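Here is the structure we will look at.
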There are 2 protein chains.
Amino acid sequence: MQHQYQKLKDLLKKKIQKGTYKPGEVLPSEHELRAQYKLARFTVRQALDELVKEGYITKHKGKGSIVSERKRKALGLFSIKGFSAVVGEAEGSVKTVFLKKPYKVKWGDDFFYPLSPEEKQKGAICLERIRSVNDSPVMLEYTYVPANEVPLLKESDFVHNSLFETLHVKFNIDIGTAEQELVATGATREIAKVFGIKAGAPVLHVYRKYHTNRPGFFIYSSFYCHTGKYSIGNVFQ
Amino acid sequence: MQHQYQKLKDLLKKKIQKGTYKPGEVLPSEHELRAQYKLARFTVRQALDELVKEGYITKHKGKGSIVSERKRKALGLFSIKGFSAVVGEAEGSVKTVFLKKPYKVKWGDDFFYPLSPEEKQKGAICLERIRSVNDSPVMLEYTYVPANEVPLLKESDFVHNSLFETLHVKFNIDIGTAEQELVATGATREIAKVFGIKAGAPVLHVYRKYHTNRPGFFIYSSFYCHTGKYSIGNVFQ
DNA sequence: CAGTGGTCTAGACCACTGG
DNA sequence: CAGTGGTCTAGACCACTGG
């Protein structure tokens with residue numbers, strides 16, 4: 001059973017997405033929502049605070065909660081922007097393609113984050129994926145999901161082609177925080193080929209560790225970004 | 001006057017920093033803190049939730065709040081890590097040096113984020129700074145603070161050599177969220193000279209917009225990172 | 001089983017925005 | 001000035017962890 005504040009959050013989110021509440025407009029006040037849905041104000045605030053965290057609204061003391069301008073397309077936990085102006089360019093369609101079927105790997109001692117003995121013993125499922133914007137590849141991603149926790153070896157196992165949505169819907173696993181390391185590096189020949197750039201051209205290499213609501217269960221990712229056409233963005237704190 | 005939850009937060013933070021509560025240990029439970037400081041549980045939870053957001057503790061249903069392992073050194077809102085293993089390397093001393101005195105600039109139409117008419121009219125104070133780890137430069141940063149809001153034209157105006165701390169202490173301005181764009185690019189001759197690398201070598205270029213608690217007041221930053229020796233890290237969501 | 005953090009109620013007072 | 005979100009109280013029940 002979902003919690004009250006989650007139901008209210010999803011309901012408001014849908015109204016924002018459908019345009020019932022438009023960017024720049026003020027949401028009903030916390031008092032109004034409280035009365036309308038017969039909830040305590042605390043519960044209403046919980047729902048609104050989640051919408052703030054997800055970037056759908058901003059709150060202003062004395063004024064109200066204002067619907068944010070259209071959210072940018074997500075690319076993993078990143079978002080993308082047309083590069084020419086860095087900001088404000090229209091985004092295109094984002095596609096994710098599996099380079100090959102998910103496969104099992106043992107992870108070695110040279111893995112980019114330190115692993116617990118349990119993780120090492122389990123091994124991982126590796127996903128190799130390319131993300132494209134308007135059909136030009138911008139990300140080459142290797143994701144490592146500890147095996148035995150989830151059986152994900154077929155592309156058809158994935159809901160909406162999304163790993164995180166699949167984990168949420170099928171296994172009740174949610175992503176909390178993520179930590180990442182950023183490195184600018186020269187593209188290897190293989191990477192250059194994927195992006196259609198010259199070997200040695202600058203690419204962004206990101207190492208990431210996702211924390212989940214399941215203790216001891218982390219998801220790791222190593223990905224390369226071609227930032228020539230599209231920059232890679234995120235919001236934090 | 002500070003709020004109750006902020007006082008409790010600062011008090012607990014200091015106890016963690018001093019080692020009264022050590023990494024891996026469990027904090028007093030919310031009930032105990034409630035009784036000890038004579039606060040409502042809601043207030044205690046507000047304090048703890050802030051400590052979670054700042055990375056000092058993690059909370060676990062049924063177990064309690066556990067003090068996190070030693071926090072990494074901050075580098076702006078980023079942190080640094082020794083690169084050789086990407087993770088786990090000891091961090092060195094971080095120094096920030098002004099390249100020149102802060103100076104006023106008009107910002108043009110080619111600025112990397114769109115500006116409001118008010119911002120354009122005001123102009124900005126520009127800070128040029130280099131951050132070094134163990135005396136090797138890792139960041140070359142250009143920060144733009146809208147003029148007229150704050151008079152910051154002398155290095156000696158800065159508290160602990162930190163812009164954000166200065167804004168907090170002297171002007172009651174706090175940073176909320178930040179959005180950033182990441183681009184991998186080749187170093188120009190000037191940038192290469194600062195980092196002691198070859199022109200054209202890959203560097204990370206970050207564009208950032210900081211939101212503050214003062215409406216309409218944003219701080220902008222454009223910085224270059226040499227990620228050869230140290231990677232650049234952050235935590236989000 | 002006792003203890004923990006997560007959700008929730010039904011109130012209250014406050015500082016702030018805008019007319 | 002009425003209305004807003006931010007802080008705060010004093011309770012309650014729940015699911016979860018660990019012995």
Side-chain angles (χ1 to χ4, degrees), chain A residues 1-12 21 24-53 56-68 118 171-174 176-177 211-217, chain B residues 1-12 21 24-53 56-68 118 171-174 176-177 211-217:
Chain A
M1 183 50 183
Q2 243 190 337
H3 291 118
Q4 306 272 24
Y5 78 89
Q6 287 172 328
K7 281 191 255 176
L8 178 57
K9 181 188 90 172
D10 290 344
L11 196 151
L12 293 173
Y21 302 128
E25 281 182 12
V26 183
L27 281 191
S29 74
E30 298 184 355
H31 173 76
E32 283 173 320
L33 292 170
R34 196 197 114 273
Q36 194 176 340
Y37 297 100
K38 304 200 189 307
L39 297 168
R41 200 173 142 217
F42 172 83
T43 308
V44 172
R45 284 182 63 78
Q46 257 189 109
L48 294 183
D49 287 349
E50 294 246 318
L51 290 176
V52 169
K53 258 203 277 181
Y56 284 94
I57 61 172
T58 55
K59 297 173 105 190
H60 304 273
K61 199 197 293 203
K63 284 205 263 188
S65 300
I66 294 172
V67 179
S68 304
E118 294 75 29
F171 306 101
N172 237 330
I173 295 175
D174 288 307
T177 58
H211 298 240
T212 71
N213 56 346
R214 199 172 286 192
F217 181 62
Chain B
M1 183 50 182
Q2 244 190 334
H3 291 119
Q4 306 273 24
Y5 78 90
Q6 287 172 327
K7 281 191 255 177
L8 178 57
K9 180 188 90 172
D10 289 344
L11 197 151
L12 293 173
Y21 302 128
E25 281 182 13
V26 183
L27 281 190
S29 74
E30 297 183 355
H31 174 76
E32 283 172 322
L33 292 170
R34 198 197 112 275
Q36 195 177 338
Y37 296 100
K38 303 198 189 307
L39 297 168
R41 199 172 144 220
F42 172 83
T43 309
V44 172
R45 285 181 63 78
Q46 255 190 113
L48 294 184
D49 286 348
E50 294 246 319
L51 291 176
V52 169
K53 259 203 277 181
Y56 284 94
I57 60 172
T58 54
K59 298 174 104 191
H60 304 273
K61 198 197 291 203
K63 285 206 262 188
S65 300
I66 293 172
V67 179
S68 304
E118 293 75 28
F171 306 100
N172 237 331
I173 295 176
D174 288 307
T177 58
H211 298 239
T212 72
N213 56 346
R214 200 171 285 192
F217 182 62

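Order of the sequence lines fixes the chain letters, A, B, ..., with proteins taken first and strands second; residue numbering starts at 1 for each chain. Quick caveat: nothing in here was measured; it's all calculated off a predicted structure.
- With hydrogens and angles ignored, the 3.5 Å screen pairs no side-chain donor or acceptor of Thr43(B) with any backbone N or O of Tyr5(B).
- For the OP1/OP2 pair of dT7(D) and a distance below 4.0 Å, the side-chain nitrogens and oxygens of Thr43(B) include no atom meeting the criterion.
- In terms of modelled atom types and a separation under 3.5 Å, the side chain of Ser65(A) and the main chain of Lys59(A) share no donor-acceptor contact.
- Summarising the geometry of Ile66(B) relative to His60(B), their closest heavy-atom pair is CD1-CD2, 3.7 Å, with the distance given to 0.1 Å.
- Between Lys7(B) atom NZ and dC8(D) atom C1' the separation is 12 Å, expressed in whole Å.
- Atom CD1 in Ile57(B) sits about 14 Å away from atom P in dT4(C), given to the nearest Å.
- dC16(D): Watson-Crick or G-U partner is dG3(C), with both key distances under 3.5 Å.
- For dG6(C), its base sits under 3.5 Å from the side chain of Arg41(B) at one donor and acceptor pair at least.
- Taking atom CD on Gln2(B) and atom C1' on dA15(C), their separation rounds to 17 Å, with Å as the unit.
- Within the 4.0 Å cut-off from OP1 or OP2 of dT4(C), at least one side-chain nitrogen or oxygen of Ser29(B) is found.
- Rounded to a whole Å, the NZ atom of Lys61(A) is 13 Å from the P atom of dC14(C).
- Taking only side-chain atoms of His3(B), from C-beta outward, the nucleotide of dC8(D), dT7(C), dG6(D) with the closest atom is dC8(D).
- Ranking dG6(D), dT4(D), dG6(C) by closeness to the Lys59(A) side chain, first place goes to dG6(D).
- Rounded to whole angstrom, the span from the NZ atom of Lys38(B) across to the P atom of dT7(D) amounts to 24 Å.
- For Lys63(A), taking side-chain heavy atoms from C-beta onward, the closest of the listed nucleotides dG5(D), dG18(C), dC8(D) is dG18(C).
- Taking atom CG of Asp49(A) as the reference point, atom P of dT7(C) lies 12 Å away to the nearest angstrom.
- Using a 4.0 Å cut-off, no side-chain N or O of Ser65(B) falls inside it from OP1 or OP2 of dT4(C).
- Within the 4.5 Å cutoff, side-chain heavy atoms of Asp10(B) are placed close to those of Gln2(B).
- Using a 4.0 Å heavy-atom cutoff across all strands shown, Leu39(B) reaches sugar-phosphate atoms only and no base atom.
- For Arg45(B), no side-chain nitrogen or oxygen approaches OP1 or OP2 of dG5(C) to under 4.0 Å.
- Screening Gln36(B), Lys9(B), Arg34(B) for a side chain to side chain contact (heavy atoms under 4.5 Å, CB included) involving Val44(B) leaves a single residue, Arg34(B).
- Distance OH (Tyr5(B)) to P (dC8(D)): 7 Å, rounded to an integer number of Å.
- Nearest to the side-chain atoms of Gln46(B) among the listed nucleotides dC8(D), dT4(C), dT7(C) stands dC8(D).
- Checking dG6(C), dG5(D), dA10(D) against every side-chain atom of Glu30(B), the shortest atom distance belongs to dG6(C).
- We find that NE2 of His31(A) is positioned 16 Å from P of dC13(C), with the value rounded to whole Å.
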